[in-house]
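Below: one structure, written as C-alpha cells.
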Amino acid sequence: MTSLYHPTRDELATLLHGEPRYRLDQLWTGLYTHFQRPADITTLPAAMRSRLAVELPESLVEVKRETSNTGDTVKFLWHLLEGQHPIETVLMYYDTRATVCVSTQAGCAMACGFCATGQAGFNRHLSTGEIVEQVVRAAREAATHSRRIDNIVFMGMGEPLANEPAVWGAVERIHDDIGISARHLTISTVGIVPGIRTLATRPLPVNLAVSLHAARNDLRNELVPINTRYPLEMLMQACRDYLHEKRRRVTFEWALIDSVNDTDQDAQELAELCFQLTPAAHVNLIPLNPTPGWPTVGSSPARVAAFQRILRNLGVNATTRQNRGTEIAAACGQLAAGQPVTVTPKPPRR
Ligand code: SAH
C-alpha cells in the first residue's frame, strides 16, 4: 500500500489516469503548497476526494503531541500505519524561523550508548513518504500559529545515511515541491563513509553534519561504535571530498560528556581535525542531554563555555547548541518514542 506523500507526481498522474490534466495540478498544489488532506482539497470533485482519501491514506497516526513549557518546541509521537512502530518529530520555533527535525528510521542500529534512540535498537527504515509527511504534519501545526517551516534537519531518530535512497527521495521532494532550498537542509550522520560518498554524487548541495564526539579512534570506538568500521582517517577523507565537491562547510557535532571528551586536550585534538578541512569545519557543541540508559552526565555549563573558548582561541568557529525541550524529552539524543532502552553499565572515563 502506498501513502499520501509517497508517490511521485508521475505516479499520481497514473492514479488519476483519465481525469483532466488540471486535476493533477490541483491535487499536487493541495498536498505540497497548502499541506491539505485530499478530503480538504475542495477544488477537487467530492467523489474524487473520497476515492483519494481511501487510496492514499496518511502514513503517520498521531499518538501524542507535547509542547515545551515555553511553547517553542513541539514533539510529535506517531505510529507508522504499517507495522505500528513509534517514531518522533520535533518542531522548533525561533524568533525568525522554524525548524523541523525529522526521523529517518524507526529506531537506529548504530548503538551509540549515550543516545536514547541507539539504546532502543532498530525497527525499520522509513520510506520517502513517511519522512516527507513528518515535514507536512509539522508545517500544518506551524500554520495554526501563522508560522512557516524554514529549515529541515535530518537529526531525529535513525541514521539518515543508512537509509540514503529514501532520505534522498525526501530531500528532493522537500526541495522541489515544498520549496525549501538546499542550504536550509542538513543531514547529520554518525559517519557512514559510503553514504557520505553517495551524498557527494547527488545534485543538491545539502549541509553535512558529522557526529564526531571524539577525535581519537580509541575513544570514538567506544562512543560511536561504527567508528571501528569507518575510522577517523577514512571519515575525514570522505568529509574533505564532500566539501571539495559541494563547497559547503562541514559541521562537526560534539556532545560534551563530563570527564569523557571535554578536556583541554580533547579541544586541541578536535581543532586539529577541523583544520584538516578547508575551509575548517564548524563545531556545534551539544551539552549531553540525559537519557535513561547512560549514567554519565553532561559537562557543566562552565566547562562547555571553557571548551568553546579554547576552540575559538585556536581559530575554530564553534557554537553551542541551544537546548530545546529536555522536559518533554525532545532534545538531541532523547528520542526513543517511549520504547524500552538498554542500559550501558560502564560508560568510558579517562
Ligand atoms: N544518526 C545521526 C542523526 C541523529 S542526529 C547522527 O548521529 O548524526 C542527533 C544528534 O544528537 C547527533 O549528533 C547525536 O550524536 C547527538 N546526540 C545523541 N545523543 C545525545 C545526547 N544524549 N545528548 C546530546 N546529543 C546527543
Side-chain angles (χ1 to χ4, degrees), residues 75 87-90 92 99-122 125-126 131 134 151-164 166-167 170 185-193 195-196 199 206-214 219-220 222-227 230 235 238-239 250-258 260-262 270 281-299 304 307 319-326 329-337 341-344 347:
K75 183 173 85 168
I87 65 155
E88 291 177 326
T89 306
V90 182
M92 289 162 282
T99 297
V100 185
C101 176
V102 296
S103 294
T104 56
Q105 297 179 313
C108 186
M110 295 297 117
C112 303
F114 55 89
C115 174
T117 313
Q119 292 158 12
F122 178 73
H125 291 307
L126 300 190
I131 301 170
Q134 292 173 63
N151 293 293
I152 309 298
V153 294
F154 295 80
M155 295 188 184
M157 296 168 75
E159 168 47 45
L161 296 186
N163 184 21
E164 200 273 343
V167 166
L185 305 177
T186 301
I187 293 184
S188 177
T189 179
V190 75
I192 309 281
V193 167
I196 297 174
L199 206 59
V206 298
N207 301 309
L208 178 66
V210 176
S211 297
L212 208 57
H213 310 312
L219 180 58
R220 196 163 193 271
E222 292 188 60
L223 293 176
V224 182
I226 198 73
N227 192 68
Y230 308 114
L235 177 56
C239 290
V250 170
T251 299
F252 290 150
E253 294 156 286
W254 193 278
L256 279 163
I257 312 173
D258 182 43
V260 172
N261 65 354
D262 66 352
L270 169 56
H282 175 111
V283 172
N284 204 198
L285 299 171
I286 319 167
L288 187 84
N289 292 307
T291 58
W294 178 260
T296 306
V297 296
S299 309
V304 172
F307 197 89
T319 49
T320 298
R321 193 176 287 177
Q322 250 181 290
N323 240 334
R324 283 293 189 120
T326 33
C332 302
Q334 293 190 313
L335 304 184
V341 301
T342 309
V343 175
T344 305

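We count residues from 1, following the sequence as given. When a ligand or atom number is given, it counts from 1 through the structure's own listing order.
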(message) With rounding to the nearest 0.5 angstrom, report the CZ to OG1 distance, F154 to T104.
(response) 8.5 Å
Which donor-acceptor pairs under 3.5 Å do the side chains of residues 112-119 make with protein atoms, sequence neighbours left out?
unit_1	atom_1	unit_2	atom_2	d
T117	OG1	L335	O	2.4
Q119	OE1	G293	N	3.1
Q119	NE2	G113	O	2.7
Q119	NE2	T291	OG1	3.0

So what's ligand 1 close to, N/O to N/O, under 3.5 Å?
unit_1	atom_1	unit_2	atom_2	d
ligand 1	1 (N)	G158	O	3.0
ligand 1	1 (N)	E159	OE1	3.0
ligand 1	7 (O)	S211	OG	3.3
ligand 1	8 (O)	S188	OG	2.6
ligand 1	8 (O)	T189	N	3.4
ligand 1	8 (O)	S211	OG	2.6
ligand 1	13 (O)	S211	OG	2.6
ligand 1	13 (O)	E253	OE2	3.2
ligand 1	15 (O)	H213	NE2	2.6
ligand 1	22 (N)	F114	O	2.9
ligand 1	22 (N)	N289	O	3.0
ligand 1	23 (N)	N289	N	2.8
ligand 1	23 (N)	C332	O	3.4

(message) Just so I know, are the side chains of L219 and V260 near enough to count as touching, which here means a heavy-atom distance under 4.5 Å?
(response) yes
(request) May I ask you to decide if A209's main-chain N or O and T251's side chain share a donor-acceptor pair within less than 3.5 Å? (result) no
(request) Evaluate side chain to side chain contact (heavy atoms under 4.5 Å, CB included) for L256 paired with L288, printing each intermediate quantity in order. (result) CA-CA 5 Å; L256 279 163; L288 187 84; 6.0 Å; no
(request) Write down the atom of A106, the atom of L126, and the distance for their closest heavy-atom approach. (result) N-CD2, 3.8 Å
